[in-house]
Amino acid sequence: VQLQASGGGLVPAGGSLRLSCAASRISVRSNDMAWYRQAPGKQRELVAGLTIGGTTNYVDSVKGRFTISRDNAKNTVYLLMNSLKPEDTAVYYCNTRRGQYNWGQGTQVTVSS
């Protein structure tokens, strides 16, 4: 199983990014999927989740700014991030909601103030 996160970068505060997570050997439509992030010196936290049935949930700090979605045909999960803040700076990872697969390198998001 491989979950390849991409789309990160350096953006100014208030900017937007769309992260992508291309999955192989698992189906994103058949798993509860999630985006996580880990900032320097902090524990990894769940940012956004998407259930098989389409229900989404978000950590309070990103509600109203981030949107998780999936494209079943492309077997890809997305995270649209708007109104980015410096505190969103972190390495972002995707995985199942259970976090059962290899985390990989993630994708770095850096928001400048």
Side-chain donor-acceptor contacts of residues 102-113 below 3.5 Å, not counting sequence neighbours, with atom names and distances?
unit_1	atom_1	unit_2	atom_2	d
N102	OD1	G104	N	2.7
T107	OG1	G8	N	2.9
Q108	NE2	A90	O	3.4
Q108	NE2	T110	OG1	3.3
S112	OG	V11	O	3.4

Nearest-0.5 Å distance, CD of residue Q100 to CG of residue N31: 6.5 Å

S30 (side chain) donor-acceptor with S27 (main chain) under 3.5 angstrom: no

query: In Å and rounded to the nearest 0.5 Å, what is the CD to OG1 distance from Q4 to T76?
result: 11.0 Å

field: side-chain contact (heavy atoms from CB on, under 4.5 Å) assessment of T96 paired with I26
entry: CA-CA 10 Å; T96 62; I26 66 163; 4.2 Å; yes

Lys/Arg-Asp/Glu bridge criterion (N-O < 4.0 Å) met for D32, R98: no

Qualifying salt bridge (charged side-chain N to carboxylate O under 4.0 Å, His left out) pairs with a residue from residues 39-52, counting only residues at least two apart or across chains: R37-E45

task: I would like to know whether Y92 and M81 meet side-chain contact (heavy atoms from CB on, under 4.5 Å); could you show each step before the answer?
output: CA-CA 11 Å; Y92 285 71; M81 307 186 295; 3.9 Å; yes

query: Hey, quick one: are V59 and L84 part of the same hydrophobic cluster, counting side-chain heavy atoms closer than 4.5 Å, chains of contacts allowed?
result: yes

- request: Flag the pair L46 / R97 as yes when at least one side-chain heavy-atom distance between them is below 4.5 Å, and no otherwise.
  value: yes

- request: Please check if V62 and V91 belong to a single hydrophobic cluster, counting links between Ile, Leu, Val, Met, Phe, Trp and Tyr side chain heavy atoms closer than 4.5 Å.
  value: no

query: Can a salt bridge be assigned to the pair K63 and D60 using a cut-off of 4.0 Å between side-chain N and carboxylate O?
result: yes

task: Flag the pair L79 / F66 as yes when at least one side-chain heavy-atom distance between them is below 4.5 Å, and no otherwise.
output: yes

message: I'd like to know if L3 and Y36 are part of one continuous hydrophobic network [Ile/Leu/Val/Met/Phe/Trp/Tyr, side-chain heavy atoms within less than 4.5 Å].
response: no

- prompt: CG/D88 to CG/N82 distance, rounded to the nearest 0.5 angstrom?
  reply: 11.0 Å

- prompt: What's the shortest heavy-atom distance between S83 and S16, and which atoms?
  reply: N-OG, 4.3 Å

- line: CG (N95) and SG (C21) are apart, to the nearest 0.5 Å, by 8.0 Å

task: Please step through side-chain contact (heavy atoms from CB on, under 4.5 Å) for the pair Y58 and V47, ending with a clear verdict.
output: CA-CA 6 Å; Y58 302 90; V47 175; 5.7 Å; no

message: Would you say W35 ends up clustered with M33 if hydrophobic residues are merged whenever their side chains have heavy atoms under 4.5 Å apart, either directly or through other cluster members?
response: yes

Euclidean distance, L50 CG relative to R29 CZ, rounded to 0.5 Å: 12.5 Å

message: Is there a path of hydrophobic side-chain contacts, each under 4.5 Å between heavy atoms, that joins V1 and V28?
response: yes

query: Can you check side-chain contact (heavy atoms from CB on, under 4.5 Å) on R70 and Y78, steps first, answer last?
result: CA-CA 6 Å; R70 66 178 174 231; Y78 301 99; 5.8 Å; no

